[in-house]
Amino acid sequence: MFTTASAPATGLPKDLFGAIEILKQELNAIVLAHYYQEPDIQDIADYIGDSLGLSQQAAATDAEVIVFAGVHFMAETAKILNPNKLVLLPDLAAGCSLADSCPPPEFARFKAAHPDHIVVSYINCTAEIKAMSDIICTSSNAVKIVNQIPPEQPIIFAPDRNLGRYVAAQTGRDLVLWQGSCIVHETFSEKKMLQLKMEHPNAEIVAHPECEAAILRHANFIGSTTALLKYVERSETEQFIVVTEPGIIHQMEKQLPCKLFIPAPPDANCQCNECPHMRLNTLEKLYLAMKNRTPEITLPTDIQQKALLPIQRMLTMSA
């Protein structure tokens, strides 16, 4: 929880939570936060979710201002869905290693080399990649969406190779994969995870499908962050090794204080299992973004319009 003692000497209000609530009312603003945000931001958010839920909330909100506590591609998606609204991101440097792994010029050449393929892109990509896509998906709905595409239609799946492999295995489809990945979900150590399992033999392993295949083969359950949360809620197991960004554990512990949640260790002796981009957002930056109405997300109109169609297809196919 944020305390006065930890506030930087920049004239910030003593009660940041209260000040943010006042600004929400003044601006008619909504704060959307991803599960990987720091606990303080999760606690002040009006809605906490994964990429699909956040997209659905952004599409449905009546708020005039959307404050997106997440990373850049998420705020871009909110802007695409709300071109006439003010969309704020507490720190513009909050990018995404997965989105960065798919540069638009290179992807355009890759797409041109497969002219008969449609493009299904994971939402963790830039607006430019979305504009080159036919359908957007999230880890929550990727299998469902691919299963709705006629079996004779060849598919490019971008940008995450690990999610793509998982979707291919679940659907039986031969997907052409762009070789991108998330630095956080590729950092988990299979050896350390199995050592942790030996220390907690009754624990179940729950993992995000962006993890590598060597990790996923040991998982008792694989799913999006929201799916992981729902699984641990309904499971009778009392201990879980959580193989994704550990921000989700805050919600797990709030909802299930009687259960034990153990973050899976990274390969190196570091905090590499925390997303460095997500953690750039802080409660202080969120307050200042609302107070100053900046940093604002802006996009070229043509990119915005082209990217909207595949997002709308995703929302329709996910209904």
Indicate every side-chain donor-acceptor pair of residues 100-115 with a distance under 3.5 Å to a residue at least two apart or in another chain.
{"unit_1": "S101", "atom_1": "OG", "unit_2": "L98", "atom_2": "O", "d": "2.6"}
{"unit_1": "K111", "atom_1": "NZ", "unit_2": "M132", "atom_2": "O", "d": "2.8"}
{"unit_1": "H114", "atom_1": "ND1", "unit_2": "F110", "atom_2": "O", "d": "2.9"}

Got a list of side-chain donor-acceptor pairs under 3.5 Å for residues 248-256, not counting sequence neighbours?
{"unit_1": "H250", "atom_1": "NE2", "unit_2": "D43", "atom_2": "OD1", "d": "3.0"}
{"unit_1": "Q251", "atom_1": "NE2", "unit_2": "Q42", "atom_2": "OE1", "d": "2.8"}
{"unit_1": "K254", "atom_1": "NZ", "unit_2": "D43", "atom_2": "OD1", "d": "3.0"}

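Clustering of Ile, Leu, Val, Met, Phe, Trp and Tyr side chains at separations under 4.5 Å leaves L309 isolated, with no partner residue.
To the nearest 0.5 Å, atoms CD1 (I205) and CD1 (I241) are separated by 5.0 Å. Rounding to the nearest 0.5 Å gives a distance of 7.5 Å between CG of L280 and NE2 of H277.
Side-chain contact check for M290 versus L27: some heavy-atom pair is nearer than 4.5 Å. Side-chain atoms of I22 and Q25, non-hydrogen and from C-beta on, never get closer than 4.5 Å to each other. In this structure, the side chains of H218 and K197 stay at 4.5 Å or more apart for every pair of heavy atoms. For the pair V71 and Y36, the minimum side-chain heavy-atom distance is 4.5 Å or more. Counting heavy atoms from C-beta outward, V119 and S121 have side chains that approach closer than 4.5 Å. At a threshold of 4.5 Å between non-hydrogen side-chain atoms, the residues I149 and I118 count as touching. Within the 4.5 Å cutoff, the side chain of I129 has no heavy atoms near those of the P159 side chain. Counting heavy atoms from C-beta on, the side chains of I262 and V242 never come closer than 4.5 Å.
Remark: A58 engages L32, A78, L81, N82 in a side-chain contact (heavy atoms from CB on, under 4.5 Å) (not counting sequence neighbours). Evaluation of the side chain to side chain donor-acceptor pair (under 3.5 Å) rule for H72 yields E76 as partners, not counting sequence neighbours. For R313, the side chain to side chain donor-acceptor pair (under 3.5 Å) test picks out no residue, with sequence neighbours left out. Residues meeting the side chain to side chain donor-acceptor pair (under 3.5 Å) test with Y35, sequence neighbours left out: none. Scanning for side chain to side chain donor-acceptor pair (under 3.5 Å) contacts around E128 gives T126, with sequence neighbours left out. Among residues two or more places apart in sequence or in another chain, the side-chain contact (heavy atoms from CB on, under 4.5 Å) test is passed with P90 by N281, K285, L286. Under the side-chain contact (heavy atoms from CB on, under 4.5 Å) criterion, E212 pairs with N162, E186, sequence neighbours left out.
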Walk me through whether E204 and Q239 qualify under side chain to side chain contact (heavy atoms under 4.5 Å, CB included). CA-CA 6 Å; E204 289 190 348; Q239 298 182 9; over 6 Å; no

Take V167 and L163 through the side chain to side chain contact (heavy atoms under 4.5 Å, CB included) test and state the conclusion after the steps. CA-CA 6 Å; V167 172; L163 179 59; 4.1 Å; yes

Might you work through the side chain to side chain contact (heavy atoms under 4.5 Å, CB included) test for V65 and N28, ending with a clear yes or no? CA-CA 6 Å; V65 177; N28 185 17; over 6 Å; no

CA sep, side-chain torsions, deciding dist, call: E21, K24, salt bridge (Lys or Arg N to Asp or Glu O under 4.0 Å): CA-CA 5 Å; E21 290 296 342; K24 284 183 191 179; 3.3 Å; yes

Show, in sequence, the C-alpha distance, side-chain angles and deciding distance for L12 and L288, and conclude whether the side chain to side chain contact (heavy atoms under 4.5 Å, CB included) test is met. CA-CA 9 Å; L12 291 170; L288 291 171; 3.9 Å; yes

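Hydrophobic clustering places L299 together with I136 (ILVMFWY residues linked when any side-chain heavy atoms are closer than 4.5 Å, directly or through intermediates). Tracing side-chain contacts under 4.5 Å through hydrophobic residues (I, L, V, M, F, W, Y), one never reaches I156 starting from V143; they form parts of separate clusters. Each of W178 and I123 belongs to its own hydrophobic cluster when Ile, Leu, Val, Met, Phe, Trp and Tyr are linked at side-chain heavy-atom distances under 4.5 angstrom. Linking Ile, Leu, Val, Met, Phe, Trp and Tyr whenever their side-chain heavy atoms come within less than 4.5 Å puts L23 and F17 in one cluster. L175 and M317 fall within a single hydrophobic cluster, where Ile, Leu, Val, Met, Phe, Trp and Tyr side chains are chained together by heavy-atom contacts under 4.5 Å.
More than 12 non-hydrogen atoms from other residues, nucleotides or ligands lie less than 6.0 angstrom from CG of D116. The environment of E152 atom CD is dense: over 12 non-hydrogen atoms of other residues, nucleotides or ligands sit within 6.0 angstrom. Sparse packing is recorded around CD of E238, with 12 or fewer heavy atoms of other residues, nucleotides or ligands lying under 6.0 Å away.
With F221 as the aromatic partner, R234 meets the cation-pi criteria of under 6.0 angstrom to the ring centre and within 45 degrees of the ring axis.
Between the side chains of T225 and H208, not a single donor N or O lies within less than 3.5 Å of an accepting N or O. When only modelled atom types and interatomic distance are considered, E210 and Y122 share a side-chain donor-acceptor pair under 3.5 Å. A donor-acceptor pair shorter than 3.5 Å can be found between the side chains of S318 and N141.
Among pairs with a residue in residues 290-310, none fulfils side chain to side chain donor-acceptor pair (under 3.5 Å), at least two apart in sequence or across chains. Screening residues 50-61 for side chain to side chain donor-acceptor pair (under 3.5 Å), with sequence neighbours left out, gives D50-S140, D50-S224, D50-T226.
Across every non-hydrogen atom of A33 and A45, the tightest pair is CB-CB, 3.6 Å. Here the closest heavy-atom approach between residue V184 and residue F188 is recorded as O-CE1, 3.6 Å. Taking all atoms of both residues into account, the shortest heavy-atom contact from A59 to L315 is CB-CD1, 4.1 Å. P265 approaches L196 most closely through the heavy-atom pair CD-CD2, 3.8 Å. The heavy-atom pair separating C125 from A99 by the smallest distance is CA-CB, 3.9 Å. The two residues P209 and L216 make their nearest non-hydrogen contact at O-CD1, 4.0 Å.
In this pair, Y231 and F240 present their aromatic rings perpendicular. The plane angle is above 60°, beyond the 30 to 60° band.
A donor-acceptor pair under 3.5 Å links the side-chain atoms of S235 to the main chain of T237, judged by distance alone. One N or O on the side chain of D46 and one on the backbone of V31 form a donor-acceptor pair closer than 3.5 Å. K85 places no side-chain N or O within 3.5 Å of a backbone atom of I66 that could act as its donor or acceptor partner.
The pair R279-E245 counts as a salt bridge, with a side-chain nitrogen and a carboxylate oxygen less than 4.0 angstrom apart.
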